[in-house]
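For reference, the structure is listed below as structure tokens.
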Amino acid sequence: MSAALNKTNIFAPEFGADPFEFYQKALSSDPVLYLPDIDTWLVTGSEYVNNICRQPEIYSSDISVLLAGTHADSPKVKSILDKGWPQLQVLLMSDPPRHTRYRRLVGLAFSAPRVNAIEDAIRDISLNLLEKHSLGEVWDFIRDYAVPLPVTMIANQLGFSSSEAEKVRKWTEAFTDRLGGMIDEERSIECAEIVIDFQHAMKTKIDERRSRFYDDLLGDLVRAASEGEDPLSDAEILSVIQQLTVAGNETSTNAMAEGIKLFIENPDQWELLRKRPELIKNATEEILRLASPVAGIWRIVKQDTVFNGHDLRAGAKVMLRFAAASRDPKIFENPDQFNIERPNAKSHFAFGRGIHTCLGNMLARKEIMVALEHLSQSFETLKLAVPKSELIYSPNIMLRGLKSLPIITK
């Protein structure tokens with residue numbers, strides 16, 4: 001085992017910005033690597049990531065302590081959060097049988113008919129955003145398109161007008177910062193206050209949908225019912241929405257932005273997409289493969305076990321790196337190459353595997369496909385408006401995304 005790999009600081013900003021050389025070294029030599037400085041097993045190999053995802057009875061997703069944030073137990077943060085509803089371990093942070101109930105009920109709101117029904121809204125939002133920009137103009141793709149598209153869409157589905165989308169974006173950023181666990185106490189306090197603002201605003205919308213029918217995603221969640229199971233409580237709905245806003249906003253934003261960056265770096269692929277729009281669906285999968293906006297997720301070992309020849313004790317921390325598994329040369333030929341004609345692009349790990357496969361994957365795919373369709377129809381060329389060295393990734397151990405992406409479109 002390479003000592004250099006063993007000492008890698010996966011919390012360092014430079015690792016988040018460019019982890020790919022590390023991934024290839026780990027994949028070739030140490031796909032199950034112990035990092036003593038943080039007492040964590042880092043799993044990069046696709047086979048091993050897949051195996052752990054499919055053994056929830058051994059590798060628990062109840063990781064609330066790890067995700068709570070550095071200052072979650074401070075008296076100030078706790079006193080703020082006590083003003084709202086309990087943040088429950090739902091979906092991402094739950095195990096069967098509790099997870100099974102959440103998955104079944106929330107899945108009713110993310111059905112194919114629901115996603116198809118809001119496609120027209122996604123298209124309208126996309127076109128309205130693009131109409132604001134003229135050829136040759138310098139604009140920030142993230143600020144002006146990749147953020148407002150999914151945020152406005154989810155805001156509408158939660159009962160907020162397009163003019164209130166900024167409020168939803170602020171909530172999402174706070175949830176994401178808490179999820180990443182890399183913020184200082186001042187920001188942690190600020191995020192806790194934002195969580196309470198979110199909960200009270202959403203409780204009003206939930207009450208409205210309990211009193212009469214609303215044809216939106218929140219209405220589906222309120223009405224979700226399955227034989228032999230209780231409907232979701234207010235606290236459960238609030239916790240589900242908190243997770244879904246991150247999954248439905250931040251990850252879509254990051255994937256779209258990274259996709260445009262990939263096309264800028266590979267102009268031949270942009271030209272190919274414009275000539276062959278039938279490749280949009282596969283291009284979306286290739287973007288998801290290389291972007292992997294959910295770069296990694298934690299698991300906790302439930303019982304002493306042996307994995308790939310290593311003794312893992314009960315309570316051990318495991319970090320699954322989906323972003324590395326999606327670049328495993330055992331699955332993907334020339335794994336770091338951006339190829340929108342890649343025949344097995346859809347074999348990526350961007351949405352996880354097993355029982356925790358992302359429920360919103362159809363919606364995320366739809367948003368990216370609409371974006372590629374409209375952008376490729378509107379612009380012949382895409383170029384960076386700043387040197388590549390000026391692009392900065394937000395510090396987050398789980399979610400990888402650029403802070404801004406200034407571009408010139410012609």
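Model, not experiment: these values are computed from the prediction.
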Should the pair [X]-[Y] be classified as a salt bridge under the 4.0 Å nitrogen-to-oxygen rule?
X: Glu265; Y: Lys388; answer: yes
X: Lys317; Y: Asp39; answer: no
X: Arg342; Y: Glu285; answer: no
X: Lys170; Y: Glu166; answer: no
X: Glu271; Y: Arg274; answer: no
X: Arg187; Y: Glu190; answer: yes
X: Lys132; Y: Asp144; answer: no

Are the side chains of [Y] and [X] in contact, using a 4.5 Å heavy-atom criterion?
X: Phe198; Y: Ile241; value: yes
X: Asn128; Y: Glu131; value: yes
X: Glu341; Y: Leu272; value: yes
X: Lys383; Y: Pro267; value: no
X: Ser378; Y: Thr409; value: no
X: Val222; Y: Ile237; value: yes
X: Phe22; Y: Leu33; value: yes
X: Asp37; Y: Lys7; value: yes

Please say whether more than 12 non-hydrogen atoms of neighbouring residues, nucleotides or ligands are located less than 6.0 Å from [atom1] in [X].
X: Lys25; atom1: NZ; answer: no
X: Glu119; atom1: CD; answer: yes
X: Glu57; atom1: CD; answer: yes
X: Glu333; atom1: CD; answer: no

Of the non-hydrogen atoms in [X] and [Y], which two are nearest, and what is the gap between them?
X: Gln303; Y: Ala314; answer: CA-CB, 3.8 Å
X: Ser126; Y: Leu149; answer: N-CD1, 3.9 Å
X: Pro150; Y: Asn249; answer: O-OD1, 3.0 Å
X: Ala316; Y: Trp41; answer: CB-CD1, 4.4 Å
X: Leu238; Y: Lys203; answer: CD2-N, 4.3 Å
X: Arg98; Y: Asp62; answer: NH2-OD2, 4.0 Å

- Message: Under a plain distance cut-off of 3.5 Å, with no hydrogens placed, do Trp298 and Thr40 share a side-chain donor-acceptor pair?
- Response: no

- Do Ser61 and His356 get their side chains close enough for a donor-acceptor pair, meaning under 3.5 Å? yes

With rounding to the nearest 0.5 Å, note down the distance linking [atom1] in [X] to [atom2] in [Y].
X: Met93; Y: Leu91; atom1: CE; atom2: CG; result: 9.0 Å
X: Met256; Y: Leu405; atom1: CE; atom2: CG; result: 12.0 Å
X: Leu359; Y: Leu92; atom1: CG; atom2: CG; result: 11.0 Å
X: Leu81; Y: Lys76; atom1: CG; atom2: NZ; result: 11.5 Å
X: Asn50; Y: Asp328; atom1: CG; atom2: CG; result: 11.0 Å
X: Lys205; Y: His200; atom1: NZ; atom2: NE2; result: 15.5 Å

- Message: Is the terminal nitrogen or CZ of Arg321 (NZ for Lys, CZ for Arg) located under 6.0 angstrom from the six-membered ring centre of Tyr23 and within 45° of that ring's axis?
- Response: no

- CA sep, side-chain torsions, deciding dist, call: Leu27, Lys330, side-chain contact (heavy atoms from CB on, under 4.5 Å): CA-CA 9 Å; Leu27 285 164; Lys330 292 182 178 179; over 6 Å; no

- Query: Under the side-chain contact (heavy atoms from CB on, under 4.5 Å) criterion, do Lys366 and Ile118 qualify, and how do the steps go?
  - Reply: CA-CA 10 Å; Lys366 187 79 70 176; Ile118 62 179; over 6 Å; no

- Could you walk me through whether Phe160 and Trp171 pass the ring-ring contact (aromatic ring centres under 6.0 Å, His included) check? CA-CA 13 Å; Phe160 297 95; Trp171 292 341; 5.5 Å; yes

Could you check whether any side-chain N or O of [X] sits under 3.5 Å from a backbone N or O of [Y], counting only pairs where one atom can act as donor and the other as acceptor?
X: Ser74; Y: Val77; value: yes
X: Glu286; Y: Ala345; value: no
X: Arg289; Y: Asn344; value: no
X: Ser326; Y: Phe349; value: yes
X: Asn266; Y: Asp268; value: no
X: Arg299; Y: Met319; value: no
X: Arg143; Y: Ser404; value: no
X: Glu390; Y: Pro387; value: no

- Which of Phe332, Phe20, Phe338 passes side chain to side chain contact (heavy atoms under 4.5 Å, CB included) with Leu290? Answer is Phe338

- Message: Could you go through Arg114 and Asp220, starting from their C-alpha distance and side-chain angles, then the distance that decides it, and tell me whether this counts as side-chain contact (heavy atoms from CB on, under 4.5 Å)?
- Response: CA-CA 9 Å; Arg114 167 56 63 193; Asp220 289 348; 2.7 Å; yes

- After noting the C-alpha distance and the side-chain angles of Val49 and Thr44, does the key distance pass the side-chain contact (heavy atoms from CB on, under 4.5 Å) rule? CA-CA 7 Å; Val49 170; Thr44 55; over 6 Å; no

- Assign the ring pair Trp139 / Phe379 to parallel, tilted or perpendicular, where the plane angle (0 to 90°) is split at 30° and 60°. tilted

- Message: Once side chain to side chain contact (heavy atoms under 4.5 Å, CB included) is applied, do any residues pair with Val294, and if so which ones, sequence neighbours excluded?
- Response: Thr251, Phe322, Leu399

